[in-house]
Amino acid sequence: MTLNSVKECPYYLISRVSLVVTAALKKEFASSGVEQVKPAYLCVLMSLWQEDGLKVIELGKKAGLEPSTMTGLLDRMERDELVARTTDPNDRRVLRINLTKTGQQVRDPVLKVVDRVLTEVFAGIAEDDISQTKTILRQVLANVHEDST
């Protein structure tokens with residue numbers, strides 16, 4: 001791959017898009033009354049909204065996060081009263097992550113913000129192009145041995 005300028009560099013483009021979408025989400029979460037939700041929490045929240053009470057290791061896999069990342073993220077999410085760690089009744093060594101009442105209540109407003117922001121940032125881009133972009137990004141993840149689902 002030959003790169004003639006920074007704007008031709010896929011890494012630069014992916015990084016910039018990630019930064020501007022993250023900033024837009026932060027701003028919209030704050031103005032929508034769900035300021036305790038941070039963009040970094042989305043993968044965990046979306047996984048728990050699908051299946052609450054996951055083991056930490058299961059949650060990390062579903063969210064695509066390393067165990068070392070999960071610990072700090074869960075600490076912050078607990079501080080923001082979105083999740084709680086509970087001991088598995090069948091094995092006290094195992095921690096499960098459960099949504100709190102707040103974690104459950106923010107679901108609809110958070111998903112509305114995400115939908116609004118993504119609709120805005122992908123405005124004017126054909127649905128087929130968005131679908132192809134997602135396919136390409138999943139392949140990039142597979143190329144670096146990440147879960148690409």
Minimum heavy-atom distance L45-L99, with the two atoms named: CD2-CD2, 3.9 Å
No-hydrogen, no-angle side-chain donor-acceptor test under 3.5 Å, N143 and Q139: yes
In one Ile/Leu/Val/Met/Phe/Trp/Tyr side-chain cluster, 4.5 Å: I57, M77: no
Cluster check V114, L137: I/L/V/M/F/W/Y, side chain < 4.5 angstrom: no
Fellow cluster residues of Y12, listed by chain then number, with links counted only when side-chain atoms sit under 4.5 Å apart: V6, L13
In one Ile/Leu/Val/Met/Phe/Trp/Tyr side-chain cluster, 4.5 Å: V117, I125: yes
Contact list for residues 19-48, test salt bridge (charged side-chain N to carboxylate O under 4.0 Å, His left out), sequence neighbours left out: E28-R116
same_hphob_cluster(I14, V21) at 4.5 Å side-chain heavy-atom cutoff: no
Closest non-hydrogen atom pair, A84 against T100: N-CG2, 4.0 Å
Non-hydrogen atoms of G53 and N98 that approach each other most closely: CA-ND2, 3.3 Å
All pairs passing side-chain hydrogen bond (donor to acceptor under 3.5 Å, both in side chains) where residues 74-83 contributes a residue, at least two apart: Y41-D80, D75-R85, E78-R85
Minimum-distance pair of heavy atoms, taken over all atoms of F122 and I130: CB-CD1, 3.7 Å
T133 (side chain) donor-acceptor with D129 (main chain) under 3.5 angstrom: yes
Heavy-atom check, side chain of L95 versus side chain of T86, under 4.5 Å: no
Closest heavy-atom pair and its distance - P39, L25: CG-CB, 3.8 Å
